[in-house]
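Below is one structure; the comments refer to it alone.
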There are 2 protein chains.
Amino acid sequence: MNALLTTSAEENYLKAIFKIAEKEPGVVLTNALAAEMGTSAASATDMLKRLSDKQLVAYEKYRGVTLSETGNRLATALIRKHRLWEVFLVDKLGFAWDEVHDFAEQLEHIQGETLTERLDNFLGHPRFDPHGDPIPDAQGKWMRRTQTRLLTLSPGQRGIVTGVDDHSPTFLQYLAELGLSLGAELEVLERTAYDQSAKVRIGERETVLSEKVGQNLFVRII
Amino acid sequence: MNALLTTSAEENYLKAIFKIAEKEPGVVLTNALAAEMGTSAASATDMLKRLSDKQLVAYEKYRGVTLSETGNRLATALIRKHRLWEVFLVDKLGFAWDEVHDFAEQLEHIQGETLTERLDNFLGHPRFDPHGDPIPDAQGKWMRRTQTRLLTLSPGQRGIVTGVDDHSPTFLQYLAELGLSLGAELEVLERTAYDQSAKVRIGERETVLSEKVGQNLFVRII
DNA sequence: ATTTATTTTTAGACAAGACTAAAATGTTTT
DNA sequence: AAAACATTTTAGTCTTGTCTAAAAATAAAT
């Protein structure tokens, strides 16, 4: 029953620390945090002191920072809210998956436990957001997603799109144009050893996808 | 196509000015604004200077303030967003009408024209919010609501609840307990001259409503 | 038309969150 | 182990939005 007063700025820092630690487990360095936040190292240091005072992180000067138990819970709740709102924006309001990030970035800061839970209920307790990213449940438990990259499929193998590792609108729009939305099926026809590009079949269409695409597209092999 | 950068604090002041001017047309005085905002006159003065710099209000020191064309448009858009979100919270998420104000107060500050319009569309372009207050359209046009107070009905007259003039949770909860939600039908049976209280029939039940209730309940006579 | 009372503004401080420039610490290199 | 480089922190300043206390302007009253 902890109220836990946090500002949007603090929450964004917590999320950033979480995100960096997710990719690169261990201590998060001030510069990495500043880069992720698009701010200066000085500002990051300032904020780390504040977060440390509030017991949301364990911070040692010059050594870096990790989330505390509470900080982790808060960051997880934030991601939960962000992704639930993304589902709402796409499934209910009809936005495309490349349009929702900025709105969700604002909506995730709306305070009130009951709102999140009612939203979750309204949406039918989705386990993944429109980009295939898992949505932690109210207790903060995560569901594992298929992390097989298209890159690893051999000719003849077929897969279903389960997510992306690059959330930039340009990539998402490109995928949409190719018919590669979440749940789409594709088959690898050929692979070029030279540049790791792959000829694939998406429905009736055949296209060549670069290594970069193969790297950033998650599939479940079928 | 004006971006019009405004902070939540600025928006709340604009709304407060709008609200006061709605009840008491004319110039809004600093003290009234400070009272509405629950802040000091000094803070209100500070903010009025800022809003004046941004051309959102016409402000003359010691004389008071009025909204500019732009300020008015902004305040209206804010009220539109607030009330649309209230409809969402009640109709879609299943909140009671006395629970939604604080959430809507946060949600109204979410930036992005397209979000509001998609939400409006999703909700089926509602013209009134869960309290019966009119929702201005995208152009800022208002719909007039029946402003007949229950107080004015004579014995024998029947009415349909169309709104409330007191939005406090206690009043709204009381009404809900009585079965007096929006659209509910009632009939005035007797009226006591002494205290303006009224015996009314709501469905099968008969109750006595005080003058205060009669004053704060809007009905359409049928 | 002064005095009195009310309203409003200024002055000076503070907290959050950001910045730049400079100092301090840590890490690598020679 | 000192020099060179990279990283991080401190110091000082800025803006937004708030506060209290004091000064100034307006309105009311004698």
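Lettering of chains follows the sequences in order, A, B, ..., and the numbering in each one begins at 1.
The pair Glu11(B)-Lys81(B) fails the salt-bridge criterion, with no side-chain N (NZ, NE, NH1 or NH2) lying under 4.0 Å from an Asp/Glu carboxylate O. Note on Asp165(A) versus Lys23(A): salt bridge recorded, some NZ/NE/NH1/NH2 to OD/OE distance being below 4.0 Å. Salt-bridge annotation for Arg50(B) and Glu10(B): absent, with no side-chain N of the basic residue lying under 4.0 Å from a carboxylate O of the acidic one. Comment: Lys15(A) engages Glu108(A) in a salt bridge, judged by a side-chain N to carboxylate O separation of less than 4.0 angstrom.
Straight-line distance from the CE atom of Met37(B) to the P atom of dT16(D): 17 Å, rounded to whole Å.
Of the side-chain N and O atoms in Lys61(B), none sit less than 4.0 angstrom from OP1 or OP2 of dT26(D). Side-chain N/O atoms of Ser40(A) include none lying less than 4.0 angstrom from OP1 or OP2 on dA18(C). For dA16(C), neither phosphate oxygen OP1 nor OP2 lies less than 4.0 angstrom from any side-chain nitrogen or oxygen of Arg50(A). For Lys49(B), a side-chain nitrogen or oxygen approaches OP1 or OP2 of dT10(C) to under 4.0 Å. Applying the 4.0 Å criterion to OP1 and OP2 of dA16(C), one finds that Thr7(A) has every side-chain N and O outside that range. The side chain of Tyr59(B) contributes no N or O atom lying less than 4.0 Å from OP1 or OP2 of dT8(C).
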Can you name the atoms? Protein N/O to nucleotides 21-24 of chain C N/O, anything below 3.5 Å, with the distance.
none

Are there any protein N/O atoms within less than 3.5 Å of an N/O atom in nucleotides 12-15 of chain D, and if so, which ones and at what distance?
none

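Residues from residues 8-36 of chain B that place a heavy atom under 4.0 Å from any atom of DNA chain C, listed by number: Leu29(B), Thr30(B), Asn31(B).
Here the side chain of Thr45(B) is nearest to one of dC19(D), dG26(C), dT10(C), namely dT10(C).
With a 6.0 Å cutoff to the six-membered ring centre and a 45° limit on the axis angle, Arg118(B) counts as a cation-pi contact of Phe95(A).
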